[in-house]
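Report on the structure given below.
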Amino acid sequence: MSTVAKAFSDGGVITWRNLKNVQRNPDWLMAATLQPIMFVLLFAYVFGDAIGGEAGGLAYREFLIAGIFAQTVAFNSAFTVIGFANDLQKGIIDRFRSLPISRLAVIFGRTTSDLVISVVALIVMSLCGLLVGWRIRGSFLDAVLGYLVMLMFAWALSWVGAWIGLVARSVEVAQSAGLMWMFPLSFISTAFVPADKLPGVLKAIADWNPFTAVINSARDLFGNRFGAAPTGWPAEHASLYAILCCIAIIAIFAPLATAQYKKVASR
């Protein structure tokens, strides 16, 4: 068996092992779905009219859902962080090191299992969105592409989570480090407000934020635009920019995570 084939085969086994852990700890899955539902209800019914203005209500709810989707899959990368930190602390990584498996399989298995959790979370969030009035107004193919962009973003961020989890020395540190960088990423974006409502510097950051690119891409593909169409190259080529950002994140953090795993596995 080739090295690549062995990595995929062993990674599939690790993926199944991680998913069985989720089955035994259903609170992980609940955390991945209940928090975004709370955000939907909070922003749709509490802040919606204030943020949306005269065009609030149903129009703002459709605008909101793509932002909640992106926030959900981004925050799910924290499971990757905590999962690796937990395995390190309990000595599971040492056990994996003693087995004749590909070193890449452990990281690939973790990121893939967390991608499955993101799929489940997106299904739950889609149903929640339909209940509050969200609708997909684009074509079926566009909708599929919108979900695929979201999942690609989820997988890219899970590599960031893998690196942070392997660098963190304890589960407690991992929990803080895994979420700390998420808040500016998600809130300095167009997740909850249109770009033209942000002040100058924050608007410039939000325009080039990969988070914004994924959200704008989903809104374009779902047909959920709200207010004036954003301008600038990132907004006008949102899907292309989102995909390029995902590729760049994977290209940077996949080697970093792999190198860090080799380092901790050789201790």
Side-chain angles (χ1 to χ4, degrees), residues 31-78 118 121-122 124-138 143 146-147 149-151 153-154 156-157 178-232 234-236 238-239 241-242 245-246:
T33 54
L34 290 181
Q35 178 176 295
I37 289 174
M38 291 173 61
F39 270 102
V40 169
L41 298 177
L42 182 66
F43 279 90
Y45 293 107
V46 179
F47 301 133
D49 289 337
I51 297 174
E54 296 180 358
L58 185 60
Y60 177 73
R61 291 176 213 162
E62 291 200 352
F63 170 86
L64 173 68
I65 295 301
I68 297 293
F69 282 175
Q71 186 188 59
T72 299
V73 300
F75 274 59
N76 283 353
S77 67
S118 291
L122 283 178
V124 172
M125 293 313 304
S126 296
L127 295 175
C128 180
L130 291 173
L131 290 176
V132 301
W134 170 71
R135 296 293 182 270
I136 295 176
R137 305 193 182 279
Y147 280 112
V149 170
M150 283 287 175
L151 292 175
F153 185 56
L157 291 185
L179 291 174
M180 189 181 302
W181 61 283
M182 283 295 170
F183 286 98
L185 178 72
S186 59
F187 283 98
I188 307 178
S189 71
T190 59
F192 304 109
V193 296
D196 59 4
K197 290 183 177 292
L198 295 172
V201 175
L202 293 182
K203 181 180 183 302
I205 295 173
D207 284 342
W208 290 93
N209 186 345
F211 201 88
T212 294
V214 172
I215 295 168
N216 286 343
S217 173
R219 285 178 181 145
D220 287 341
L221 293 167
F222 292 152
N224 295 151
R225 277 297 182 189
F226 173 80
T231 58
E236 294 170 0
S239 294
Y241 183 51
C245 286
C246 291

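Counting from 1, the numbers follow the sequence of the chain as shown.
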Side-chain donor or acceptor of [X] paired with backbone N/O of [Y] under 3.5 Å:
| X | Y | result |
| --- | --- | --- |
| T212 | S189 | no |
| N224 | I136 | no |
| R61 | W134 | no |

So, for [X] and [Y], which heavy atoms are closest and what is the spacing to 0.1 Å?
| X | Y | answer |
| --- | --- | --- |
| M182 | S77 | CE-OG, 2.7 Å |
| E62 | R135 | OE2-N, 3.6 Å |
| A121 | T72 | CB-CG2, 3.7 Å |
| Y241 | D207 | CE2-O, 4.5 Å |

Could you go step by step and tell me if Y147 and F222 meet the ring-ring contact (aromatic ring centres under 6.0 Å, His included) rule? CA-CA 9 Å; Y147 280 112; F222 292 152; 5.3 Å; yes
Distance, nearest 0.5 Å, that separates OG of S239 from CG of D220: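 Going from OG on S239 over to CG on D220, the span is 6.0 Å.
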Which value, rounded to the nearest 0.5 Å, describes the distance between M150 atom CE and C246 atom SG?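 Nearest 0.5 Å value for the CE-SG distance: 10.0 Å.
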With sequence neighbours excluded, residues passing side chain to side chain contact (heavy atoms under 4.5 Å, CB included) with A242: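 Result, side chain to side chain contact (heavy atoms under 4.5 Å, CB included) vs A242: V149, A213, V214, S217.
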What residues form a side-chain hydrogen bond (donor to acceptor under 3.5 Å, both in side chains) with N209, not counting sequence neighbours?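 Listed in chain order: nothing, the list is empty.
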For F192 and F39, take the angle between the two ring planes, folded into 0 to 90°, and tell me which bin it lands in: parallel under 30, tilted 30 to 60, perpendicular over 60.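 Answer is parallel, since the angle falls under 30°.
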Distance to the ring centre below 6.0 angstrom and angle to the axis at most 45 degrees; does that hold for R219 and F63?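 Positive - R219 is close enough to the ring of F63 and near enough to its axis.
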